[in-house]
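In the text below, chain A, chain B and the rest are named by the order of the sequence lines, each starting its count at 1.
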Amino acid sequence: MGLFDALDTSGSALSAERVRMDVTAENLANAQSTRTANGQGPYRRKEVVLQEAGAGVGASFADSLRVARGVKVAGIVQDPSPSRRVYDPGHPDADAKGYVSMPNVNTVTEMTDLIGASRAYEANVTAMQTTKAMFARTLDILK
Amino acid sequence: MEAARPLDPSRPVEIYDTTQSALEKAILGASARQQAITQNLANVDTPGYQRVDVDFHKTLRDAMASGAGLQSATFSPRRDASAQVRPDGSTVDADVEASAQARNGLEYETLVQVSKARIDIIEAAMGR
């Protein structure tokens with residue numbers, strides 16, 4: 001009902017932004033990993049795809065807002081951009097010419113993403129607080 | 001708006017008058033708007049998302065002007081096509097949403113306070 005839905009909406013955004021922060025942290029942690037968990041190639045940067053949550057195509061817009069609300073993580077995809085090539089003949093993963101394929105992680109991009117996710121998280125916490133304050137006001141009528 | 005009626009002793013006293021039900025409808029409207037703004041803020045990072053809004057002032061104004069009564073007024077969210085489009089196709093501006101939310105929250109609080117003050121008057125008349 002009403003304002004409770006607004007709380008759920010903000011909650012869905014909080015968890016989506018948390019996923020973004022988790023993935024960014026993973027990218028930064030693996031910025032130098034030349035092997036993935038299954039031992040193939042360098043680590044590839046991951047990115048979160050966000051999608052508006054709703055009842056889907058066909059449902060009326062008002063229904064889509066009533067049924068499922070907020071935002072959801074549609075998936076975590078790999079960044080297809082090419083990996084960095086670094087000349088390091090002593091590295092165990094260097095190829096015949098002495099080049100090592102490093103992850104396509106750019107620290108600046110990750111830091112920017114992190115700040116963006118953190119700000120969006122804060123905005124949604126504020127939204128949640130406003131909703132809570134409004135709800136508390138309504139309860140005052142009963143006093 | 002219907003004109004104020006002179007007091008008629010043969011009519012029953014309306015405890016819940018037009019103003020009170022208008023206040024209640026406005027509270028419902030502000031709550032619907034809060035939901036729309038929350039939805040926009042939740043999708044602040046969703047590319048291509050189009051912001052939604054509830055213009056409950058207009059809905060109430062129209063319902064009062066048409067004379068059909070406030071009961072018929074329903075608040076439905078609408079896509080806002082007039083908003084500035086970001087490079088990623090989204091029309092959400094976090095600052096716009098935050099100020100709209102602050103404004104709507106204050107308006108809600110005002111409506112609830114006035115509503116409560118009117119209820120308190122009735123209670124005082126009942127000797128509570």
Participant: Taking a hydrophobic cluster as the set of Ile, Leu, Val, Met, Phe, Trp and Tyr residues connected by side-chain heavy atoms closer than 4.5 Å, whether directly or through intermediates, do B:Met64 and B:Leu28 fall within one such cluster?
Facilitator: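 B:Met64 and B:Leu28: one cluster.
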Participant: Measure the spacing between OG of B:Ser31 and CZ of A:Phe4 and express it to the nearest 0.5 Å.
Facilitator: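 One gets 11.0 Å once the value is rounded to the nearest 0.5 Å.
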Participant: Test of understanding: clusters of I, L, V, M, F, W, Y form through side-chain heavy atoms closer than 4.5 Å, transitively. Do A:Val19 and A:Met128 belong to the same one?
Facilitator: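 No, A:Val19 and A:Met128 fall in different hydrophobic clusters.
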Participant: Taking side chain as C-beta onward, heavy atoms only, is B:Ile119 less than 4.5 Å from A:Ile141?
Facilitator: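 Yes, at least one pair of side-chain atoms sits under 4.5 Å.
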Participant: Does B:Arg51 come within less than 4.0 Å of A:Glu52, counting only side-chain N to carboxylate O?
Facilitator: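 No, this pair does not count.
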Participant: If only atom types and distance count, is the side chain of B:Gln35 paired as donor or acceptor with the main-chain N or O of A:Ala6 below 3.5 Å?
Facilitator: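 Side chain of B:Gln35 to backbone of A:Ala6, a donor-acceptor pair under 3.5 Å: no, none is there.
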Participant: For the hydrophobic clusters of this structure (ILVMFWY residues joined by side-chain heavy atoms under 4.5 Å, transitively), does one cluster hold both A:Tyr121 and A:Leu28?
Facilitator: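 Yes, one cluster joins them.
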Participant: Applying a strict under-4.5 Å side-chain criterion to I, L, V, M, F, W and Y, I'd like to know whether B:Val114 and A:Met134 cluster together.
Facilitator: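 Yes; tracing contacts between hydrophobic side chains, which count when under 4.5 Å, links both residues.
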Participant: Between A:Arg20 and B:Asp45, is there a salt bridge with N-O shorter than 4.0 Å?
Facilitator: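 A salt bridge is present here (some side-chain N lies under 4.0 Å from a carboxylate O).
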Participant: Considering only heavy atoms, which portion of A:Ala133 lies under 4.5 Å from any heavy atom of chain B: side chain, backbone, both, or neither?
Facilitator: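 Interface part for A:Ala133: neither.
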Participant: On a heavy-atom basis, which atom in A:Leu50 and which in B:Thr46 lie closest, and how many Å separate them?
Facilitator: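 Here A:Leu50 and B:Thr46 meet closest at O-CG2, 3.6 Å.
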Participant: Count the heavy atoms of every other residue, nucleotide or ligand shown that sit under 6.0 Å from CD of B:Glu123, and state whether that count exceeds 12.
Facilitator: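 Yes, the 6.0 Å shell around CD holds more than 12 heavy atoms from other groups.
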Participant: Nearest heavy-atom pair of A:Ser10 and B:Thr38: which atoms, and what distance?
Facilitator: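 A:Ser10 and B:Thr38 have their closest heavy atoms at OG-CG2, 2.9 Å.
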Participant: Applying a heavy-atom distance below 4.5 Å, give me the residues of residues 99-113 of chain B that approach chain A, sorted by number.
Facilitator: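 Counting heavy atoms that sit under 4.5 Å from chain A, the residues of residues 99-113 of chain B involved are B:Gln101, B:Asn104, B:Gly105, B:Tyr108, B:Glu109, B:Val112, B:Gln113.
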Participant: Measure B:Leu41 against the heavy atoms of chain A and call it side chain, backbone, both or neither at under 4.5 Å.
Facilitator: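 Contact with chain A is through both the backbone and side chain of B:Leu41.
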Participant: More than 12 non-hydrogen atoms from neighbouring residues, nucleotides or ligands closer than 6.0 Å to CZ on A:Arg85, yes or no?
Facilitator: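 More than 12 within 6.0 Å, yes.
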Participant: Going by side chain to side chain contact (heavy atoms under 4.5 Å, CB included), name the residues that satisfy it together with B:Ser82, two or more places apart in sequence or in a different chain.
Facilitator: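 With neighbours one apart ignored, the set is B:Asp80.
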Participant: Is there a donor-acceptor contact under 3.5 Å linking the side chains of B:Gln34 and A:Thr131?
Facilitator: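 Result is yes, a qualifying pair exists.
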Participant: Do A:Met111 and A:Met21 sit in the same hydrophobic cluster, where Ile, Leu, Val, Met, Phe, Trp and Tyr count as joined when their side-chain heavy atoms come under 4.5 Å apart?
Facilitator: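 Yes, one cluster joins them.
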